[in-house]
Amino acid sequence: MSLLLRLASPALPISHRLLCSSLPPTTFLANSLLFAASSPRCLPSALSLYSLLSLSSPMSSPPLLRPNAFTYPLLFRAAPPTVALALATHSVKFLGAHAASCDRVLGPCCLTIASCRRVFDRIACPDLPAWNALLSAYMRCASSAADAILELFSRMISLGTVRPNEITLVAVIGACGELGALGHGVWAHTYLVKRQLAINRIVTTALVEMYAGCGRLDLAEHVFATASDRDTRCYNAMLQGLAAHGHGRAALDLFDRMRGSGVPVDGVTILSVLCSCAHAELVDEGLEYFDKMEIEFGIEPRIEHYGCVVDMLSRAGRLDDAEKLIHEMPIVPNAAIYRSLIRACDIHGNLELGERMITELRQHDPDDSGNHVLIANLYARMNRWEEAKKTRKEMKSMGIDKSPGSSLLDMNGVLHEFLVGDKTHPASKEIYTMVEEIEARLSEHGHRSSTTSVLFDVEEEDKADTLTYHSERLAIPFALIASDPGTPIRIIKNLRVCADCHESAKLVSRVYGREIVMRDRTRFHHFREGECSCGDFW
DNA sequence: CTAGGGTTAG
């Protein structure tokens, strides 16, 4: 059939009708038609076919036709650059995370962000929508593309051919939030106000997310409180911000106000509420919302909701309840659920349960580097050194590598990046001198580095050294040297903070009288006067 | 005279 259609290009309207009438139509069939239509003269036909594809999915249920990895290359054959760019951004939207693997299969013709960029670069004088389409495509990119967005934006400004609007700024603000680049974010906010660009609820959401992501929950709340109108996603962003900062009570209050305001509650809302409860140890409240979410809000619990509740129970030490939920839940548990329970088994010292969960996790996700570290740490905790060593060897032989830890430091709008054991910073020498001074002063206050959390990240002989050189142990000294006394230190980490660095940051905040705001992979830590806002519960 | 935009646990 498909071959027939390829031959049928002169009779395109007929085959088009065939697609509409054939039961059931398939994407494969539609792609075959597109192939016929995608010679340059047939762009209108190709586009109408595409709209048929994209309109019938994924909103309609059941989705009949969904563009797939083969749809877009066919369209590109016919499209001029500006149309191709719009289509390319569509392809990123539809194919999402799959785009990267598609590019490998299909060759460098389209689909990934790289192909959007190639299409964009073919446009001689990009107009505003073209810039916006490209920036938005970067924003949706699975792999972090925040610096690319900021770089493109600064090129756009310096070229001066088009003026950014609020849609452009949404992409820029999103990038600032991801990087934790408070300085740039404030600049973008000021730009919006100065140019009198519309601050609608989409912009509001972006600003709330950016400020929360940069550790300025106060500014996020201010933007949220002064916004003229808010929808579900505005509320969700604010709730998520409160959750990440451990403000569980405030999140529950906001949730109550949301219900009072008539703005609809969705699955993401409930997820944020559950996450708030998990981070603030509000277990009873969390369980109550979880139990009634279906009856009271009409939202069926999904895997994320179960994951959040398992995490909440596990952190709180109710390991048996967490295990019970895993066994009773009507959905197949995923690797993340086992991981949060295993991490809790390590913390709460339930090694027997932890080992059982390791068996489950191994079946689910044998390749993930995080799993191996988790497993090795648990074995180390059990003093089962042979198994721990074996796990580490397995990692090596499988070529699995941990992603290197990094810390970003925002100082007066300038970003400084530090990696583990980094020696590339211009002020490296001063930093390492400071590292030693801090160690000395902390040990006067009774701090002694424990090596448990890094045991299996490094070879035995480097253990004590590497501890000192975790990326935040370089960023903090640099901030102490280079920023004004009394100003808060803001750090964005790519991984979770280890117990020892957490302890050390608490002491630095007291000994040096500095507030430290640290965003880690999962949440925020506000260190002040020797205490952390997470209450050592993370 | 449009295009182009926001939330999601571990």
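Any value given below was found using the heavy atoms of this structure, including those in side chains, with hydrogens, waters and symmetry copies removed. Just so we're clear, the structure is a prediction, and the values are computed from it rather than from any experiment.
With sequence neighbours excluded, the residues that form a side-chain contact (heavy atoms from CB on, under 4.5 Å) with A/His184 are A/Leu150, A/Cys176, A/Ala181.
Distance CG (A/Leu207) to P (B/dG5): 18 Å, rounded to an integer number of Å. If you measure from atom CG of A/Asp229 to atom C1' of B/dT7, you get 15 Å, rounded to the nearest angstrom. As rounded to whole Å, 12 Å separates atom C1' of B/dA9 from atom CZ of A/Arg496. Between the CD1 atom of A/Ile299 and the C1' atom of B/dA9 there is a distance of 15 Å, given to the nearest Å. The nearest whole Å value for the distance from the CG atom in A/Leu169 to the P atom in B/dG6 is 14 Å. Rounded to whole Å, the distance from CE on A/Met312 to P on B/dA9 is 16 Å. Straight-line distance from the CG atom of A/Leu242 to the P atom of B/dT8: 13 Å, rounded to whole Å. At whole-Å resolution of the value, CZ in A/Arg233 and C1' in B/dG6 are 5 Å apart.
For the segment residues 186-206 of chain A, residues with any heavy atom less than 4.0 angstrom from an atom of DNA chain B are, sorted by number, A/Asn200, A/Arg201, A/Ile202, A/Val203, A/Thr205.
Comparing B/dG5, B/dA3, B/dG6 by their nearest atom to the side chain of A/Ser136 picks out B/dG5. Here the side chain of A/His279 is nearest to one of B/dG4, B/dA9, B/dG6, namely B/dA9. Considering only the side chain of A/Asn165, B/dG4 comes nearest among B/dA9, B/dT7, B/dG4. The A/Leu271 side chain lies nearest to B/dA9 when the options are B/dA9, B/dG4, B/dG6. Comparing atom distances between the A/Asn334 side chain and each of B/dA9, B/dG4, B/dG5 picks out B/dA9 as nearest.
Contact of the A/Tyr235 side chain with the A/Leu254 side chain is registered, since non-hydrogen atoms from C-beta on lie closer than 4.5 Å.
If you check distances only, the side chain of A/Asn236 never reaches the base of B/dG6 with a donor-acceptor pair under 3.5 Å.
The environment of A/Lys324 atom NZ is sparse: at most 12 non-hydrogen atoms of other residues, nucleotides or ligands sit within 6.0 angstrom.
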Side-chain donor-acceptor distances from residues 255-265 of chain A under 3.5 Å, at least two apart:
{"from": "A/Arg259", "atom 1": "NH2", "to": "A/Glu296", "atom 2": "OE2", "distance (Å)": "2.6"}
{"from": "A/Ser261", "atom 1": "OG", "to": "A/Met258", "atom 2": "O", "distance (Å)": "2.7"}
{"from": "A/Ser261", "atom 1": "OG", "to": "A/Val263", "atom 2": "N", "distance (Å)": "3.4"}

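In summary, the side chains of A/His222 and A/Tyr211 do not present any donor paired with an acceptor at a separation below 3.5 Å, with no hydrogens or angles considered. Of the N and O atoms on the side chains of A/Asn165 and A/Thr168, at least one donor lies less than 3.5 Å from an acceptor on the other residue.
Residue-level contact check: A/Leu128 touches the bases, meaning some heavy atom is under 4.0 Å from a base atom.
Using modelled atom types, one side-chain atom of A/Asp410 and one backbone atom of A/Leu182 make a donor-acceptor pair closer than 3.5 Å.
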